[in-house]
Structures are given as structure tokens and as C-alpha cells.
Amino acid sequence: MTQSTDTSVEESQADAAARRAKGEFVRGVSGFRHALGDPDFPPEPGRYHLFVALNCPWCHRVTLARNVLSLQNSITVDVAFPNRTADDDPVASGLWEFDPTRVATLTGATLPECTLETGTGQRFRLAKQIYEAEGSDEKSVPILYDKVARRIVTNESAEIIRMLDAHAAALGSVTADRPLLYPPGPANSAVRHEIDALNRLVYVAINNGAYKAGFSSDQTVYEAAYHAYFEALDQLEARLAQDGRPFLTGDAFTEADLRLFPTLYRHDPVYYVRMKLNGARILDYPHLWRWLCRVYALPGVAESGSLVHCRQGYFGRSWNNVVPLGPTRPIPYPQAYAHPELAGL
């Protein structure tokens with residue numbers, strides 16, 4: 001990648017191999033970048049499908065957008081099991097699998113959200129096979145898929161949420177009072193600029209920063225990511241505190257809030273331990289905690305993710321496959337997100 005990389009969407013790939021060799025986590029770049037509204041991909045109700053995993057924060061962005069934009073009835077979805085395939089898989093290990101019969105070690109049962117693959121008409125077992133049908137060796141989720149053309153539109157989550165927002169009405173959104181995640185028009189240029197700046201901070205230091213802390217094998221790289229993460233949280237706490245605004249850009253829920261939510265949703269119950277981000281809980285930031293509870297209470301948000309899938313996905317792939325049961329105080333999560341009054345305890 002060149003220096004023109006949009007750091008709110010993807011990470012620079014400069015010297016990626018050398019950086020990985022030194023212990024740094026470097027996120028790859030999504031290879032499918034078509035757009036809804038292109039001649040080949042007209043925005044139409046019932047035409048598009050999402051492949052996601054509920055433990056994945058990049059997928060969580062997409063399920064959030066689908067739900068808050070009231071697109072549940074017009075965009076179908078398949079959900080992979082939160083743990084990828086094991087070493088004994090006949091294809092390979094480390095692959096996203098659509099298999100609702102798999103049993104979670106956390107619950108001792110199957111996970112009701114998991115599905116078979118229904119979007120392509122081929123009943124593929126693996127996300128990798130969806131890519132192989134188009135000659136690609138990629139294997140990631142989320143995927144936005146065109147069921148009519150039987151083609152992948154894009155697998156870049158930042159672009160998917162922007163497209164769903166821009167074409168919500170044409171895609172079949174059932175409500176006129178849906179939020180404007182990235183408000184259009186000259187009158188909203190200032191708020192779009194604000195969203196762009198927030199997206200850069202949140203992606204680099206928080207969304208991707210959590211992975212740089214948790215998955216790096218170099219102490220110096222980890223410490224830099226750790227400090228950047230908590231410095232960014234401090235900035236956002238101060239932003240919300242300065243005038244008591246309910247959302248990051250003011251009175252309205254926007255794309256900036258949507259992109260921050262998946263990481264903060266995971267922080268206390270998962271990232272505090274798994275990503276070694278134990279400097280503080282979100283519960284220790286009164287304004288961010290109340291923001292988190294406020295977003296969680298919005299229609300469709302609670303149903304867009306699953307902490308069972310998150311716990312299973314992050315800890316179930318660790319060396320011993322044991323999933324922590326907590327935290328349970330002051331009350332268990334996600335029930336805690338219904339209690340803004342807990343902030344600061």
C-alpha cells in the first residue's frame with residue numbers, strides 16, 4: 001500500500017512481512033471492493049446477503065448497520081460458528097465454518113444463532129469456499145454477497161456500512177426515522193468531517209489497536225498499542241464530558257458511534273483479559289459507560305451481537321480452550337449495559 005492508505009479503513013501494508021516477523025500484528029487488506037449502486041450491483045430489497053461471525057468486531061459493525069437501519073427483513077444473513085476449524089479439518093485449520101451442529105465449550109450446547117450457508121445456493125461449509133468460487137484465496141468475514149449475480153460485492157466492513165446507509169431506502173429499510181450514519185449534503189459537510197476524524201482515531205488506536213495489543217508478540221509493540229488505546233479512550237471520555245453530548249458528534253447517533261461500539265462492547269468482558277488491555281474497564285469511564293449503555297438501548301443494537309459468541313470465539317481458540325465465566329460484578333454482562341447508573345463503581 002502507499003501512503004495514501006485511508007487509515008480509518010485499513011492499515012498500511014508497508015514492510016508488513018518484516019513487521020510481522022518482529023512480532024507486530026498487521027491486519028491484511030480486503031480484496032473485493034465493488035460498490036452497491038454500480039451497474040452490476042443495483043440496490044434492491046431481498047437481493048443481498050451477509051456472511052458474518054458474531055464474535056468478530058468487523059462483522060459486528062455490519063450487523064449493527066443492518067439492524068439500526070431496519071434492513072433485517074431485506075438483507076438475509078448467515079452466521080458462522082465462533083471458533084474456526086481445528087487441525088483435524090479435512091480442508092484446513094483456522095477457517096470460518098457454517099455449521100450449526102458444533103457445540104460451544106462455554107455452554108455445552110449448540111449456538112442457536114449459527115446457521116448453514118444459505119446465500120450462494122451451493123451450501124458451502126466454509127467461507128473460504130465462497131471466495132474460491134470466484135478464484136480468490138481470501139477467507140475472511142464479513143462478506144456482502146449478491147444472491148442474483150452470485151458474486152461477492154465487498155468484504156470490507158467499513159465500506160459495507162457506508163453502502164447500507166447510503167442505499168437504505170432502496171434496499172428496503174422499513175422505517176423513515178432511521179439514523180443517518182453519514183449524513184449527506186452540503187449542510188452536513190462539517191459533521192462528515194468530524195466523523196472522518198473520529199473514524200481515524202477509533203480505527204487506528206481502538207478497533208485495530210486492540211488487536212495490536214492482544215495479538216502482538218513483542219513487548220514494545222504491545223506497550224505502544226496499550227498506551228495508544230487508553231489515550232484514545234481518555235480523549236473520547238473528555239469529548240463526551242465537555243458538554244454532556246449523548247453521542248460522539250452531538251445529539252445524533254452516527255457512523256462514528258457505530259464503529260466505536262463493537263470494541264467497547266467487548267472491552268470489559270473480553271478484551272480486558274484476552275487483549276491484555278487491563279488498564280481500566282469502560283465501567284471506570286463514567287461518560288463512555290453511559291454512552292455504551294445509551295447505544296446498547298437503541299432499537300436493534302442488543303440483537304446485533306452476542307457476548308456468548310465473543311467469549312467462545314476469543315477464549316475458545318486459546319491454547320487450552322477454556323472460556324472464563326466472568327466478569328459477574330457488579331452484575332454480569334451484557335445485562336450490565338442496561339444499567340448506566342453503574343458508571344464509576
Leu126: hydrophobic cluster co-members (side-chain, 4.5 Å):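 So far as hydrophobic clustering goes, Leu126 is joined with Val91, Leu95.
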Members besides Leu116 in its Ile/Leu/Val/Met/Phe/Trp/Tyr cluster (side-chain heavy atoms under 4.5 Å):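 Grouped by the 4.5 Å side-chain rule, Leu116 forms a cluster of one, so the answer is none.
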Parallel, tilted or perpendicular: rings of Phe32 and His34 (30°, 60°):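 Rings of His34 and Phe32: perpendicular, over 60°.
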same_hphob_cluster(Leu342, Tyr296) at 4.5 Å side-chain heavy-atom cutoff: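 Per the 4.5 Å side-chain linkage, Leu342 and Tyr296 are co-clustered.
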Transitive ILVMFWY side-chain link Phe253 to Tyr337, under 4.5 Å: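 Phe253 clusters together with Tyr337.
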Taking the basic N atoms (NZ, or NE/NH1/NH2) and the acidic carboxylate oxygens, is any pair closer than 4.0 Å for [X] and [Y]?
X      : Y      : answer
Arg245 : Glu194 : yes
Asp40  : Arg151 : yes
Asp234 : Arg239 : no
Glu117 : Arg125 : no
Arg47  : Asp146 : yes
Arg162 : Asp165 : no

More than 12 heavy atoms of other groups within 6.0 Å of Asp38 CG: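 Check passes, neighbour count above 12.
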May I ask you to check whether [X] and [Y] place their ring centers less than 6.0 Å from one another?
X      : Y      : result
Phe41  : Tyr48  : no
Trp291 : Tyr285 : no
Phe98  : Phe51  : yes

Check: Val68 main-chain N/O paired with Arg178 side-chain donor or acceptor under 3.5 Å: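 No; zero donor-acceptor contacts below 3.5 Å.
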From CA spacing to verdict: side chain to side chain contact (heavy atoms under 4.5 Å, CB included), Leu36, Glu44: CA-CA 9 Å; Leu36 295 182; Glu44 299 171 352; over 6 Å; no
Stepwise side chain to side chain donor-acceptor pair (under 3.5 Å) test for Asn207 and Trp58: CA-CA 9 Å; Asn207 299 153; Trp58 319 104; over 6 Å; no
Side-chain touch His267/Tyr229, heavy atoms, less than 4.5 angstrom: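 A side-chain contact under 4.5 Å exists here.
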Of His60, Arg259, Arg61, the residue whose pairing with Ser157 passes side-chain hydrogen bond (donor to acceptor under 3.5 Å, both in side chains):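 With Ser157 as partner, His60, Arg259, Arg61 yield a single side-chain hydrogen bond (donor to acceptor under 3.5 Å, both in side chains), made by Arg61.
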